[in-house]
Protein chains: 2
Amino acid sequence: MVNYREQALDRVFAALADPTRRALVAQLEQKQSLTVSELARPFPVSLPAIMKHLDVLSDAGLITRSKSGRTVNCRLTAATMKSAMDWLHRYERFWSEGLARLSALLEEDESCPPTQVLLQPPSQASPSSAASTPRRPRSKPRGPTRK
Amino acid sequence: MVNYREQALDRVFAALADPTRRALVAQLEQKQSLTVSELARPFPVSLPAIMKHLDVLSDAGLITRSKSGRTVNCRLTAATMKSAMDWLHRYERFWSEGLARLSALLEEDESCPPTQVLLQPPSQASPSSAASTPRRPRSKPRGPTRK
DNA sequence: TCGATAGTTAACCATTAGGTTAAGTGTAGC
DNA sequence: GCTACACTTAACCTAATGGTTAACTATCGA
């Protein structure tokens with residue numbers, strides 16, 4: 001059971017990690033039901049690519065599809081999105097506390113050095129060495145190392 | 001700017017799509033700061049694998065790292081997690097409305113067939129044909145089709 | 001009945017992800 | 001100074017991902 005829930009979270013977060021899929025979900029937010037062709041129309045990629053994305057969203061429990069004649073209608077379903085939300089809620093105090101601590105710090109004596117707050121700007125998107133010390137030089141190329 | 005936010009969401013959802021990384025985040029929920037070795041200890045994979053996961057979490061703005069002597073301390077940061085939460089909030093009405101409609105349906109005359117509600121059990125995790133009609137037989141193998 | 005529409009899926013490709021081992025670097029303690 | 005500890009990173013591997021084209025099937029309307 002726990003494993004199943006974990007796998008469901010895997011799929012929901014993975015499904016939402018792609019900008020095309022989030023854009024598909026956003027369309028379905030605007031309109032209750034859309035056909036596959038209507039969903040595909042704004043995107044520059046091929047129809048089978050969109051169909052693959054819809055497969056991923058369906059596997060994640062984020063949409064349902066129903067066929068009517070030759071068209072397939074897609075609708076949002078939200079149960080698994082709610083479970084992702086619940087998971088994120090566990091960390092709400094980390095930004096709430098950060099904001100609260102910021103407020104408290106502003107009221108303290110200015111001679112008192114501020115403690116580090118949790119809310120921090122995100123690191124730059126790059127292969128990172130996010131340790132506060134300067135990045136050390138890369139080690140020398142090694143050539144084939146596999147035995 | 002908008003693109004930057006989209007890319008940030010890409011990274012946050014992708015970072016949380018892996019069970020190992022969610023487990024790393026959960027450890028940091030329990031304890032304010034942990035070293036890389038402490039974080040790695042519960043996992044059956046190699047230390048460089050954990051280091052790669054920490055890189056992904058850092059790139060997503062979910063942790064910060066600071067070096068003290070030979071140890072690196074990791075802490076949760078929550079700003080980008082909050083942005084994922086905000087994105088999911090857009091869909092809150094889809095499970096709220098679903099629940100409300102379920103309540104309304106329960107109060108209706110039982111002879112009235114229920115309309116389809118939005119909250120539905122997630123589909124089984126498998127290559128899916130989630131259309132309500134039975135899955136059609138696979139088409140015949142085609143052999144190489146590339147020109 | 002036939003052509004158009006809507007969707008489906010096999011086969012393929014390039015890239016990325018998640019793991020490994022091996023070798024390396026910086027720091028701490030004796 | 002030397003060894004151990006903590007971490008870092010190159011090079012490699014397999015599997016998965018996100019896209020394509022081509023060929024196919026089901027349905028609709030003339």
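Numbers restart at 1 for each chain; the letters A, B, ... are given by sequence-line order, proteins then strands. Atoms considered below: every heavy atom in the structure, side chains included; atoms not considered: hydrogens, waters and symmetry mates.
Of the candidates D/dG19, C/dG18, D/dT8, the closest approach to any side-chain atom of A/His53 belongs to D/dG19. Comparing C/dG18, C/dT20, C/dT9 against the side chain of A/Met51 picks out C/dT9 as the nearest. Closest to the B/Lys52 side chain, of the nucleotides C/dG18, C/dA11, D/dG19, is C/dG18. Ranking D/dC28, D/dT8, C/dT27 by closeness to the A/Arg70 side chain, first place goes to D/dC28.
Rounded to whole Å, atom P of D/dG19 lies 7 Å from atom CD1 of A/Ile50. Separating the CG atom of A/Asp10 from the P atom of D/dA16 is a distance of 14 Å, rounded to the nearest angstrom. In this entry the distance linking CG of B/Leu24 with C1' of C/dG18 reads 13 Å, nearest Å. Atom CG in A/Leu47 sits roughly 12 Å away from atom P in C/dT9 (whole-Å rounding). Distance CG (A/Asp18) to P (D/dT17): 11 Å, rounded to an integer number of Å.
Phosphate contact (OP1/OP2 of D/dG18, side-chain N/O of A/Arg21, threshold under 4.0 Å): present. Taking 4.0 angstrom as the limit, A/Thr71 places none of its side-chain polar atoms (N or O) nearer than this to OP1 or OP2 of C/dA6. Phosphate contact (OP1/OP2 of D/dG19, side-chain N/O of A/Ser46, threshold under 4.0 Å): absent.
Residues A/Met51 and A/Arg65 share a closest heavy-atom pair of O-NH1, 4.3 Å. In this structure, B/Trp95 and B/Leu88 approach most closely via the heavy-atom pair CH2-O, 4.1 Å. Closest approach of B/Phe94 and A/Leu28 over heavy atoms only: CZ-O, 4.0 Å.
Take the nearest nucleotide of DNA chain D for A/Pro144 and for B/Arg142: the residue whose nucleotide is more 5' is A/Pro144.
Judged by distance alone with a 3.5 Å cut-off, no donor-acceptor contact links the side chain of B/Lys67 to the base of C/dG26.
Between A/Lys82 and A/Asp86 a salt bridge is recorded (basic side-chain N to carboxylate O distance below 4.0 Å).
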